[in-house]
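Letters A, B, ... are given to chains in the order of the sequence lines, protein chains preceding strands, and every chain is numbered from 1. Both backbone and side-chain heavy atoms feed into the values below; hydrogens, waters and symmetry mates do not.
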2 protein chains.
Amino acid sequence: MSPTIKVLLAEDQSMVREALAALLGLEDDIEVVAQVARGDEVLAAVREHAVDVALLDIEMPGCTGIEAAAQVRRSLPEVKLVVLTTFGRPGYLRSAMEAGADAFLVKDAPAAQLAEAVRKVLAGERVIDPTLAAAALAEGANPLTDREREILRAASDGSTNAELAKALHLSQGTVRNYLSTAIQKLAVRNRAEAVRIAREKGWL
Amino acid sequence: MSPTIKVLLAEDQSMVREALAALLGLEDDIEVVAQVARGDEVLAAVREHAVDVALLDIEMPGCTGIEAAAQVRRSLPEVKLVVLTTFGRPGYLRSAMEAGADAFLVKDAPAAQLAEAVRKVLAGERVIDPTLAAAALAEGANPLTDREREILRAASDGSTNAELAKALHLSQGTVRNYLSTAIQKLAVRNRAEAVRIAREKGWL
DNA sequence: CGGCAGCCATGACATCTGTCATACGCCACT
DNA sequence: AGTGGCGTATGACAGATGTCATGGCTGCCG
């Protein structure tokens, strides 16, 4: 039989991370050789442990799993990348694919799919929930410009226009213009809704 | 040796739930006898499987783990309750304790603490992160009235005053008054910040 | 080169939001 | 019986927010 598959697990919540490790540990052909809790530790760990497949949560301190995936893809293109996330947001799927992910799994899916996905990506297959893929295609690309996204993100904690203007070195009017166009593009009525919708779609 | 400890696992994300089950399955003295994905299925499952310890995630469809805990505590007071959550919000800890929980764990904690907590609550101990306990005490109780909470919750999706007034059968002025007092109590400057802070503290 | 998109800004306007004073009814506690 | 807290409501005011028209600057693409 072929040697075991070396897997890295990147997930910030220890309990979940170790539980997933226990789950994968039940598989004979899979070995979890490294665990990290931060996105910015992924690349070094992948390199150090000669990892075959990296399992990356999206929401992590340091940097997101998607950014980490892009880093690994650039430096070590032969490593397979599985992105794992709580939220099945179409925009996340899109960004993950653009970052070079081989699989995209939501934590809602049955646990069996995890080991399954690891084996499949190693065999050169791609693993994507078809429902999500359809949603991602149906929704189209992110309509927001970089600046609009940045300002929306900054506004998401309830900052006022004056604070945003100061923080971003803009005039208040400019901030309002950006927010206004973002509100129109997202077809909503105020910044709070705009933030919510953009979040839901994974556009923030 | 005593018979195995019968545990119920309530957590909406299958992958996490099954991973936690795998983790607990590694312990000789613990047996996961039931798994549910919704808060409103907890009570029936606990009853049916003669569960010793119920492990409850807070964020679940149906009803929250805290509400489920309260139900179990009322009907089957001898069952031990462990509340498990992603967010270490002091307000959550407080509500969990008021609902009769025996332990409160955050998913950030090392996985070993899970089995540990199961054994301890069965022995009659309480398990609470001392840092969180201190934070919960330092922060004081939720200053918001029922109505203020309700309106803040309704406002959290970006609804306008007119929509809130219609949805809650109130006058617009009343809605604004409630939001205004909530804003003052939370010492913030607008509804968006109020929603954010109340969420963070677990007061929503 | 010309056009278009993105970035930045201003001013004016309408509307929404947050504050304050005030008031009434209800309920619980003293 | 009085007090205080909560829920509800109104009206008035100031300030924040969203929209629109308009303009200048840059850089990319055809």
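Atom NZ of A:Lys185 has more than 12 heavy atoms from other residues, nucleotides or ligands within 6.0 Å. No more than 12 heavy-atom neighbours from other residues, nucleotides or ligands sit within 6.0 angstrom of CZ on A:Arg189.
Note that the CG atom of B:Leu56 and the CD atom of B:Gln71 stand 10.0 Å from one another [nearest 0.5 Å]. The line from NZ of A:Lys201 to CZ of A:Arg199 is 15.5 Å long, rounded to the nearest 0.5 Å. Between the CD atom of B:Glu139 and the CZ atom of B:Arg89 there is a distance of 11.5 Å, given to the nearest 0.5 Å. One distance of note links CG of B:Leu84 with CD of B:Gln113; it measures 11.0 Å at 0.5 Å rounding. Here the straight-line distance linking atom CD of A:Glu193 with atom CG of B:Asp157 works out to 6.5 Å at 0.5 Å rounding.
What separates CG of B:Asp146 from C1' of D:dC6 is a distance of 10 Å, to the nearest Å. When rounded to the nearest whole Å, the span between NZ of B:Lys185 and P of D:dG5 equals 11 Å. Atom P of nucleotide D:dA16 and atom CG of B:Leu179 are separated by 18 Å, given to the nearest angstrom. One atom, CG of B:Leu144, and another, P of D:dC6, lie 11 Å apart when rounded to the nearest Å.
Within the 4.5 Å cutoff, side-chain heavy atoms of B:Leu152 are placed close to those of B:Leu179. Side-chain contact check for A:Val118 versus A:Glu27: every heavy-atom pair is 4.5 Å or farther apart.
Listed by residue number, A:Thr160, A:Asn161 are the residues of residues 151-174 of chain A with a heavy-atom contact under 4.0 Å to DNA chain D. Looking at residues 186-204 of chain A, you'll see A:Asn190, A:Arg191 sit with a heavy atom under 4.0 Å from some atom of DNA chain D.
In the 5' to 3' direction, nucleotides of DNA chain C lying under 4.0 Å from heavy atoms of chain B begin and end at C:dT17 to C:dC20.
Note on A:Asp57 versus A:Lys107: salt bridge recorded, some NZ/NE/NH1/NH2 to OD/OE distance being below 4.0 Å.
Within the 4.0 angstrom heavy-atom criterion, base atoms lie near B:Arg176.
B:Thr160 places no side-chain N or O within 3.5 Å of a backbone atom of B:Glu163 that could act as its donor or acceptor partner.
Residues satisfying the side-chain contact (heavy atoms from CB on, under 4.5 Å) test with B:Ala192, not counting sequence neighbours, are B:Asn190.
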Report, one line per pair, each donor and acceptor closer than 3.5 Å where one atom sits in a side chain of residues 62-69 of chain A; sequence neighbours left out.
{"unit_1": "A:Thr64", "atom_1": "OG1", "unit_2": "A:Ile66", "atom_2": "N", "d": "3.3"}
{"unit_1": "A:Thr64", "atom_1": "OG1", "unit_2": "A:Glu67", "atom_2": "N", "d": "3.1"}
{"unit_1": "A:Glu67", "atom_1": "OE1", "unit_2": "A:Thr64", "atom_2": "N", "d": "3.1"}

Heteroatom pairs (N/O) under 3.5 angstrom, protein to nucleotides 21-30 of chain D:
none

